Amino acid sequence: MTKFPKNFFWGGATAANQYEGGWNEGGRGPALTDVTTGATATTSRMVTYVMPDGTTGAYPQFGGRKPEGARYAVVDGYYYPNHLGTDFYHRYKEDIALYAEMGFKMFRMSISWSRIFPKGNEKAPNPEGLKFYRDVFGELRKYNIEPLVTISHYDTPLYIVEDLGDWGNPEVIDLYYHFCEVIFEEYKDLVKYWLTFNEINSQIMIGVFMSNAPKELVAPGFKNLHHQFIASAKVVKLAHEKYPQFQMGCMIAGMVFYPLTCDPKDVLNAQDLMQEAFYYYSDVQMRGHYPAYARRIWEKYGLDPAFFEKDAEVLQYGAMDFYSFSYYQSSCTTTHKEETEKVMGNLSMGAKNPYLQYSDWGWSWDADGLRYILNELYSRYEKPLMVVENGLGAYDTLEADGSVHDGYRIDYLREHVKAMKEAIADGVDLIAYTTWGCTDLVSAGTGEIRKRYGFIYVDVDDEGKGTLDRFRKDSFYWYKKVIASNGEDID
Ligand code: BGP
C-alpha cells in the first residue's frame, strides 16, 4: 500500500492581499487590490478612480479600463474588502497557534511588496514591514512550520502599476530584483522555499477564454509576462548562486481541459488550450526556454518572436527546483457550439461536464483531474511537485454554539487527498499539499468573504462587520486527523 512520504508537507495557503489587512498600517503603500471593491458570484469587482476635476468613477476589474487622466483612488461609498482581509496583520499569533494545533508542517503566505517598498522604487526598505514578516516567520519556526513564501501574489505596488507602466516596463524587472535581494538576505535563515510569482499564467487568461477579445488587448500580456519570466530567472540565478539552501519554484494556475467529445477536432482544441493556458508558462520556468509551440502562439497574436528570443540566455538560468500549482476544478472544451453550456472555473471558462457536480460558484469538483494532471506534470518535468492551492469555496453557517458543520468541504478535500495518494502510487514525486484559504479570507475573484475555504471560520461579513473572532469548523478536526495519520485516516 502506497503511503504519503514521511516528510510530506501538509498545510494551508494564503496571500497577503486577501488575508493580511492592515492596508495602511506600518508604512505600507497601496496595491491595486486596495482600490478594488467587493462583488458577488454574478457581479464584477470594480476598480475606482478620481478624475482631474474631482469626479469619481469605477470600471469592471476584468475587461474594463481606467479612463484617460484618471488616478486610482479610494472613493467614498464603496467597500474595499482587501483593506481588512481577515486581519492576519494583527492576529497572526492566534492563527499560527491554530495551524500548529492542526499539525501544519507548512504554511504558504506571501510578502506584500508595498509593505517592504511602499511605492516599489525606493532604495531602502521599510523597517516596520521587514519586522512584521520576521516576526511571522519566527512564530512559524517556533512550531516547526515551514514557511512557503510567494514573492508576488497579485500585489504589485500601485505606484508601479499606475506610474511606471506595470510589467510592460522592463525597468520593473530591476525593482522586483531589488525587492528579492532584500528579502532573501533578510530572511535567509528563516525561509527556504520560495515561489517567484503566483499563478503567473493568470494575466493572459481573459484573452484566452474570451474568443472575441481583440488581439491588441491580449498581445501586451505576453510581453508583460516575458518581463516576469526574466525577473523570475534573474532571482532564481541569484538564489542558486548566493543561497544554495534555497529551493525555488514556479506557481501556475492549474488548468485541465478535457475534449467534450471524441471528435479529433475537440482533442486538438483541448491540446491547444493546455499549451496556451497552462504549459507555455511552466515550460519556460521549468526548462529555462520557450517551447517549440510558442512561435505559433506569438504568431496568433501578431507578436515578433525576436522580442522573446533575444533573452534566451537569461531565461536558461531560471529553471526551477520544484513545480507548484493551484488546482480547483477541470473544464471541457469543444468545437461543437450547439452542445455547450458554459461554466466558469478558477480563471477559466469551458463547457459543462455532464459527469461532474458543481459548486455554488459553478466550479466543477474533479479529484480525478488532480491525479491526471499530477501525472502529466511529473512525466513532463520530473521535478518534485507541490499542490499549493486546492479547496472548496462554499457558504458556511456559524451555529450558536460556535460550530460550523462543513461536511461538504471535508468530502471535497477527502476526494483530493485520495487522488494525490493514487498519483503517488503512480510514481509522482509529490512533496506538499497546502489547501487554499486555511483561515477564511477575501476571495480574489469576487472579493467576497462569504465564499469561504477555511478550516477556521472568521466572524466577519461582506461589509466588514463582525468580531473577527476565529472558530474551528468540522473540517479543522478532520484535517488535524489527516495530518496526524499522514494521510491514512481520512474518513
Ligand atoms: C487563485 C488565487 C488565490 C485564490 C484562489 C481562489 O486564483 O491564487 O489568490 O483566491 O484562486 O479563487 P477565488 O478567491 O476567486 O475563489
Side-chain angles (χ1 to χ4, degrees), residues 11-21 31-33 36-45 60-62 81-82 85-86 88 107-113 148-156 195-206 208-209 228 249-256 277-278 281-282 324-331 343-349 358-365 370 386-396 408-409 412-413 416 433-455 458 462:
T14 60
N17 81 87
Q18 292 162 260
Y19 184 31
E20 211 171 80
L32 195 56
T33 42
T36 308
T37 69
T40 66
T42 51
T43 59
S44 173
R45 301 189 73 176
Q61 180 189 27
F62 296 115
N82 300 68
T86 43
F88 181 67
F107 175 61
R108 177 176 173 228
M109 56 181 277
S110 70
I111 292 182
S112 164
W113 187 346
L148 168 63
V149 174
T150 320
I151 297 168
S152 174
H153 193 136
Y154 302 156
D155 217 355
T156 311
L195 308 174
T196 53
F197 289 95
N198 181 62
E199 295 187 328
I200 197 163
N201 49 340
S202 61
Q203 56 207 297
I204 305 291
M205 290 310 127
I206 299 286
V208 172
F209 294 106
Q228 294 190 345
C250 63
M251 197 305 197
I252 315 284
M255 300 278 157
V256 172
F278 189 52
Y281 315 84
S282 51
S324 88
F325 68 114
S326 58
Y327 180 81
Y328 294 91
Q329 39 72 227
S330 63
S331 308
V343 281
M344 300 300 291
N346 180 31
L347 304 163
S348 66
M349 202 185 270
Y358 285 80
S359 80
D360 289 329
W361 277 261
W363 296 16
S364 66
W365 290 35
L370 178 57
M386 292 190 183
V387 176
V388 296
E389 285 185 29
N390 174 241
L392 178 70
Y395 298 106
D396 289 336
Y408 35 89
R409 181 168 295 110
Y412 176 99
L413 294 171
H416 288 78
Y433 179 58
T434 58
T435 67
W436 178 247
C438 41
T439 296
D440 291 343
L441 40 66
V442 174
S443 155
T446 67
E448 292 165 291
I449 291 279
R450 71 190 138 214
K451 187 180 188 188
R452 295 173 184 271
Y453 287 89
F455 302 115
V458 180
D462 283 301

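Numbering of ligands and ligand atoms starts at 1, following listing order. It should be emphasised that the depicted structure is a prediction, and the values quoted were computed from it without experimental measurement.
Residue contacts with ligand 1: S443 is placed with a nitrogen or oxygen under 3.5 Å of a nitrogen or oxygen of the ligand (distance criterion only). Looking at ligand 1, you won't find any N or O of M251 less than 3.5 Å from one of its N or O atoms.
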Exercise. Begin with the C-alpha distance, continue with both residues' side-chain angles, and end with the deciding distance and a verdict on side-chain hydrogen bond (donor to acceptor under 3.5 Å, both in side chains) for N17 and D155.
Key: CA-CA 6 Å; N17 81 87; D155 217 355; 5.0 Å; no
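Looking only at heavy atoms of the protein, atom 14 (O) of ligand 1 is closest to A444 N, 2.6 Å. Protein heavy atom closest to atom 15 (O) of ligand 1, with residue, atom name and distance, is G445 N, 2.8 Å. Scanning the protein heavy atoms around atom 16 (O) of ligand 1, the nearest turns out to be Y453 OH, 2.5 Å. For atom 10 (O) of ligand 1, the nearest non-hydrogen atom of the protein is Q18 NE2, 2.9 Å. In terms of protein heavy-atom proximity, atom 5 (C) of ligand 1 is closest to Y328 OH, 3.2 Å. Protein heavy atom in closest approach to atom 7 (O) of ligand 1: E199 OE1, 2.4 Å.
Remark: distances from the non-hydrogen atoms of W361 to ligand 1 are all 4.0 Å or more.
Between H416 and Y327, the ring planes are tilted. Angles from 30° to 60° get that label.
For W361 and Y395, the distance between ring centers is under 6.0 angstrom.
Q18 contributes no side-chain N or O that, together with a main-chain N or O of S443, makes up a donor-acceptor pair within less than 3.5 Å. No side-chain donor-acceptor contact under 3.5 Å links T435 to the backbone of C438.
For E389, the salt bridge (charged side-chain N to carboxylate O under 4.0 Å, His left out) partners are R108, not counting sequence neighbours.
When heavy-atom distances to ligand 1 are checked against a 4.0 Å cut-off, A15 has no atom that comes that close, whether in backbone or side chain. Residue contacts with ligand 1 for W363 involve side-chain atoms from C-beta outward but no N, CA, C or O (heavy atoms, distance under 4.0 Å).
Set against the non-hydrogen atoms of N198, the atoms of ligand 1 under 4.0 Å away are 8 (O).
Summarising the geometry of A394 relative to Y408, their closest heavy-atom pair is CB-CE1, 3.7 Å, with the distance given to 0.1 Å.
Screening F88, Y154, Y453, W436 against Y19 for a ring-ring contact (aromatic ring centres under 6.0 Å, His included) leaves a single residue, F88.
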